[in-house]
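We number each residue from 1, following the sequence as shown.
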Amino acid sequence: GYDPKSGVGFWFHIGRWRHDLTMFREIVVIRLPDGTVIAHRAIGNARAATDGPGGPHFAIRVLETGRKLSYSFNGGVMRVPAKSMLNGIVGDGRRTPMTFDLTFESDADIWDLHKVGSLQDFLPAGHIEQPGRLTGDIHIEGEVYPFDALVNRDHSLGARDNIDLHSHQWIQGYFEN
């Protein structure tokens, strides 16, 4: 998602770790308006619960099935200049405290890729998407970044078989109607 008003963009991921399915692999990337990027990844299950997945710092909770979710984070993250990421993988280094509490809400129906076509064999178990609005605040080192924007919730199930997938393009658009 991207909020043009605050200048903050993000990508979040959480999924089961293939080496131990009781643990979750979390990835949080946030682009800040000053040109820095929050780069975080970890594996664990400290925040896992019956109402949603959770890794060591990141958790998703289902508040209303198919309509409302919460995304929360509480932990130390790397804050690096965006340009440094062009040089390769971000190494280990100084951590910065970050928290966020964000709420996803949608009145749109969930779109199920497998109900509309069988050409997506690289996603064998399922894939759904849902547009909605994400709101809340991100707190980093005493700075507060409000977030309020249209986003896309994307959920895939099962292992991906993309050995024969040689190219892929993903284009999304949101229209007032």
(Q) Is it the case that the ring center of H13 lies less than 6.0 angstrom away from the ring center of F58? (A) no
(Q) Tell me if the centroids of the rings in F12 and F100 come within less than 6.0 Å of each other. (A) yes
(Q) For the backbone of G66 and the side chain of Q130, can you confirm whether one donor and one acceptor N or O come within less than 3.5 Å of each other? (A) yes
Q.
When you measure from the side chain of S6 to the backbone of F147, do you find a donor-acceptor pair of N or O atoms at a distance under 3.5 Å?
A. no
Do [X] and [Y] touch side chain to side chain, with heavy atoms closer than 4.5 Å?
X	Y	answer
I30	V8	yes
I140	L32	yes
M98	I138	yes

Q.
Here's a test for you: under side chain to side chain donor-acceptor pair (under 3.5 Å), which of R61, R47, H57 qualifies with S72?
A. R47
Q) Side chains of R94 and T96: donor-acceptor distance under 3.5 Å anywhere? A) yes
Tell me whether [X] is salt-bridged to [Y], with the criterion being a basic N under 4.0 Å from an acidic carboxylate O.
X	Y	result
R16	E26	no
D148	K5	no
R95	E141	no
R31	D3	no

